[in-house]
Amino acid sequence: MSLKINPLANPRGVKLTCEICKKPAFSQCTQCKVTFYCGRDHQAQDWDGIHSKVCSLLATIRKPKPFLNSAEERKWYDQEHKDRQKQLVSLTSTEARRMLYDGQHQRALPAAQLSLRSSIELYGSGRIEVIPSLVVLAEVCIGIEQLSKAEQYLSQAKWSTLQSGVDCSPIYRSLVSRVLGRLHIVRGDHKKAMVALAEDVYNSTLAFGSQHIKTSGGYFYMGKSFLKASDVQAAAPLFAEVVSIWHAYISVIFQQAQIEEDKPDVSALAAAGRPRASGASPFATLQGRLDEAEKAEVKSMLEDVVRTMDVGVTHFSTVARLHAHYAFSALCGVELRKRDALEHCKLGLHLCDGEKEDDRPLYDDLITLQRFTHNFL
């Protein structure tokens with residue numbers, strides 16, 4: 001996996017540095033031959049964190065540019081190179097976020113670092129396109145308790161938004177504000193956290209709408225800030241808003257699946273007790289709409305909300321708890337965790353009084369989800 005190199009043997013002016021720490025390199029990856037390390041520990045860390053997934057891609061990106069005769073060939077090569085760089089940025093950022101929301105903060109560090117370096121190489125330092133990579137690396141630093149570094153990365157991201165002025169998308173402003181709010185929560189500064197998260201929700205609402213799943217994260221971290229300030233009563237309506245948004249989003253998918261299943265061409269299969277092809281599964285539809293990082297994020301978010309509701313049950317309405325069990329059950333289904341999915345359906349049905357007019361739609365949603373869980377998982 002590694003080949004020893006001697007820094008003194010490098011060509012004049014060439015300094016090979018470690019992919020992780022940027023100290024002088026003494027070994028290289030034998031597969032891509034374009035990635036270098038100070039020792040085995042950092043090579044193992046990088047391989048486990050991201051390099052195993054991007055080794056071949058890095059080999060094509062970092063190889064010397066060939067001599068090309070025509071302008072057309074050079075244009076084609078440059079476009080191909082740019083497309084590969086974009087692919088690298090997307091892949092590393094998604095992997096870093098996935099590990100981050102799975103609680104693997106230290107493991108996410110190599111992917112986040114590579115994402116930022118690749119973004120800067122592609123777009124240039126200070127460009128707004130680099131903001132997502134800066135924010136991901138700041139999140140990782142918060143997770144590994146390097147708060148000063150997290151603040152530095154967020155300051156760079158904030159500066160980029162200010163430099164761009166009105167041309168900066170509210171999506172980028174929302175990203176920066178949300179992680180800045182999280183940093184203040186960790187530091188215990190509730191007032192600053194709420195200011196940052198209010199900016200997050202405002203900008204996310206401009207970009208997506210107040211009831212969009214992208215905006216739900218802002219409400220969630222507002223609730224987390226109130227919880228850290230020991231104000232469960234203030235956190236409760238924010239958590240209720242989170243699960244209401246996710247219930248609305250998921251229930252539409254399952255209701256549409258119900259409509260499709262009730263069509264004449266599939267009713268015979270349903271009557272025979274046979275599920276339709278796996279491609280028609282509402283769980284597959286939900287999975288297809290979320291990337292790996294988004295699935296990990298919403299799973300972490302809903303787990304936290306369900307746990308909080310179980311502990312402080314008196315602060316939450318029955319409807320909010322029903323929404324939480326419904327949404328979390330569907331996420332369990334996406335992960336093929338049938339037992340957990342059915343357990344949360346059961347908990348929801350136990351809470352729900354189907355005879356009450358207000359509860360009836362939620363009761364029907366849970367029954368539909370339960371049936372699809374039995375059929376498709």
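- A distance of 3.5 Å separates SG of Cys345 from CG of Leu369, quoted to the nearest 0.5 Å.
- Grouped by direct or indirect side-chain proximity (heavy atoms under 4.5 Å, Ile/Leu/Val/Met/Phe/Trp/Tyr only), Tyr77 sits with Leu68, Trp76.
- Under the 4.5 Å side-chain heavy-atom criterion for Ile, Leu, Val, Met, Phe, Trp and Tyr, Tyr153 and Val140 are members of the same hydrophobic cluster.
- Annotation: side chain to side chain contact (heavy atoms under 4.5 Å, CB included) contacts of Ala96 (sequence neighbours excluded): Ala111, Ala112, Val136.
- Ser244 places no side-chain N or O within 3.5 Å of a backbone atom of Ala240 that could act as its donor or acceptor partner.
- Under the 4.5 Å side-chain criterion, counting only non-hydrogen atoms from C-beta, Lys86 is not in contact with Val89.
- Between the OG1 atom of Thr368 and the CZ atom of Phe254 there is a distance of 9.5 Å, given to the nearest 0.5 Å.
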- Run the numbers on Leu238 and Phe220 for side-chain contact (heavy atoms from CB on, under 4.5 Å), then give the verdict. CA-CA 6 Å; Leu238 292 162; Phe220 171 73; over 6 Å; no

- Task: Report the C-alpha distance between Asp83 and Gln79 in whole Å, list the side-chain angles of each, state the deciding distance to 0.1 Å, and finish with yes or no for side chain to side chain donor-acceptor pair (under 3.5 Å).
- Result: CA-CA 6 Å; Asp83 289 343; Gln79 186 59 51; 3.0 Å; yes

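- For Thr94 (side chain) and Ser90 (main-chain N/O), a donor-acceptor pair under 3.5 Å exists by modelled atom type.
- Looking only at side-chain heavy atoms (C-beta outward), Leu347 and Glu343 come within less than 4.5 Å of each other.
- Pro24 places none of its side-chain heavy atoms less than 4.5 Å from the side chain of Cys38.
- The distance from the CG atom of Asp231 to the OG atom of Ser225 is 10.0 Å, given to the nearest 0.5 Å.
- Remark: the backbone N or O of Glu73 is paired with a side-chain donor or acceptor of Ser70 at under 3.5 angstrom.
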- Take Leu137 and Leu109 through the side-chain contact (heavy atoms from CB on, under 4.5 Å) test and state the conclusion after the steps. CA-CA 7 Å; Leu137 189 49; Leu109 183 59; 3.8 Å; yes

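- Two different hydrophobic clusters hold Trp47 and Ile20 under the rule that ILVMFWY side chains link at heavy-atom gaps under 4.5 Å.
- Following chains of ILVMFWY side-chain contacts shorter than 4.5 Å, one can reach Ile253 starting from Phe283, so the two form part of one hydrophobic cluster.
- Here side chain to side chain donor-acceptor pair (under 3.5 Å) pairs that include residues 123-137, with residues two or more places apart or in two chains, are Ser115-Ser133, Ser119-Ser133, Arg127-Glu129.
- Note: Leu302 CG to Phe239 CZ = 11.0 Å, rounded to the nearest 0.5 Å.
- At least one side-chain heavy atom of Gln43 sits less than 4.5 Å from a side-chain heavy atom of Ser27.
- For the salt bridge (Lys or Arg N to Asp or Glu O under 4.0 Å) test, no residue two or more places apart in sequence or in another chain qualifies with Asp365.
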- Is there a salt bridge (Lys or Arg N to Asp or Glu O under 4.0 Å) between Glu199 and Lys158 once you walk through the steps? CA-CA 12 Å; Glu199 290 180 6; Lys158 187 74 172 179; 3.7 Å; yes

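- Applying the salt bridge (Lys or Arg N to Asp or Glu O under 4.0 Å) rule to Glu303 yields no partners; only residues at least two apart in sequence or on another chain are considered.
- Checked by atom type and distance alone, the side chain of Ser174 never pairs as donor or acceptor with a backbone atom of Asn203 at under 3.5 Å.
- A 4.5 Å side-chain heavy-atom check between His374 and Lys338 finds at least one atom pair inside the cut-off.
- Here the CG-NZ distance, from Asp102 to Lys295, works out to 11.0 Å after rounding to the nearest 0.5 Å.
- Looking at heavy atoms from C-beta onward, Leu154 lies in side-chain contact with Val179 at the 4.5 angstrom threshold.
- A donor-acceptor distance shorter than 3.5 angstrom exists from the side chain of Ser177 to the backbone of Arg173, with no hydrogens or angles considered.
- Applying the ring-ring contact (aromatic ring centres under 6.0 Å, His included) rule to pairs touching residues 290-326 yields His247-His323, His247-Tyr326, His325-His344, sequence neighbours excluded.
- Side chains of Gln156 and Gln152: a donor-acceptor N/O pair is absent below 3.5 angstrom, by distance only.
- Applying the salt bridge (Lys or Arg N to Asp or Glu O under 4.0 Å) test to pairs two or more places apart or on separate chains, those with a residue in residues 368-377 are Glu261-Arg371.
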- Check the pair Cys332 / Lys299 against side-chain contact (heavy atoms from CB on, under 4.5 Å), numbers first and verdict last. CA-CA 8 Å; Cys332 290; Lys299 174 191 170 186; over 6 Å; no

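- Side-chain atoms of Leu349 and Ile367, non-hydrogen and from C-beta on, do get closer than 4.5 Å to each other.
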- Given Tyr37 and Phe26, is the ring-ring contact (aromatic ring centres under 6.0 Å, His included) satisfied, shown in steps? CA-CA 6 Å; Tyr37 304 96; Phe26 294 92; over 10 Å; no

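- There is no side-chain donor-acceptor pair under 3.5 Å between Gln45 and Asp41.
- Between the side chain of Lys23 and the backbone N or O of Thr17, no donor-acceptor pair lies under 3.5 Å.
- Listed by first and then second residue, the ring-ring contact (aromatic ring centres under 6.0 Å, His included) pairs that reach into residues 158-209 are His190-Phe226, Phe208-His212, sequence neighbours excluded.
- Under the 4.5 angstrom side-chain criterion for Ile, Leu, Val, Met, Phe, Trp and Tyr, the cluster partners of Ile50 are Val34, Val54, Leu57, Leu58, Ile61, Leu88, Leu91, Leu114.
- One N or O on the side chain of Lys33 and one on the backbone of Thr30 form a donor-acceptor pair closer than 3.5 Å.
- Remark: Glu294 engages Lys214 in a salt bridge (Lys or Arg N to Asp or Glu O under 4.0 Å) (not counting sequence neighbours).
- The side-chain contact (heavy atoms from CB on, under 4.5 Å) test with Asp200 singles out one residue from Arg182, Arg178, Met222, and that residue is Arg178.
- Here Arg187 pairs with Leu147, Glu151, Leu183 under the side chain to side chain contact (heavy atoms under 4.5 Å, CB included) rule; sequence neighbours left out.
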- Task: Start with the C-alpha distance between Gln211 and Glu241, add both sets of side-chain angles, then the distance that settles side chain to side chain donor-acceptor pair (under 3.5 Å), and finish with yes or no.
- Result: CA-CA 9 Å; Gln211 299 301 300; Glu241 188 70 10; 2.7 Å; yes

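- Asp78 pairs by the salt bridge (Lys or Arg N to Asp or Glu O under 4.0 Å) definition with Lys65, not counting sequence neighbours.
- Side chain of Lys149 to backbone of Cys141: no donor-acceptor contact under 3.5 angstrom is found.
- Counting only N and O atoms by type, the side chains of Tyr101 and Glu292 include no donor and acceptor under 3.5 Å apart.
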- Task: Please report the C-alpha distance between Trp246 and Ser216 in whole Å, then the side-chain angles of each, then the deciding distance to 0.1 Å, and finally whether the side-chain contact (heavy atoms from CB on, under 4.5 Å) criterion is met.
- Result: CA-CA 8 Å; Trp246 277 98; Ser216 68; 3.1 Å; yes

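- Looking at His42 and Cys21, their side chains come closer than 4.5 Å, going by heavy atoms from C-beta outward.
- Side-chain heavy atoms closer than 4.5 Å link hydrophobic residues (I, L, V, M, F, W, Y) into clusters, and following such links, possibly through other members, connects Ile245 to Val305.
- Note on Leu175: it does not cluster hydrophobically with Leu122, by side-chain heavy-atom contacts below 4.5 Å among ILVMFWY residues.
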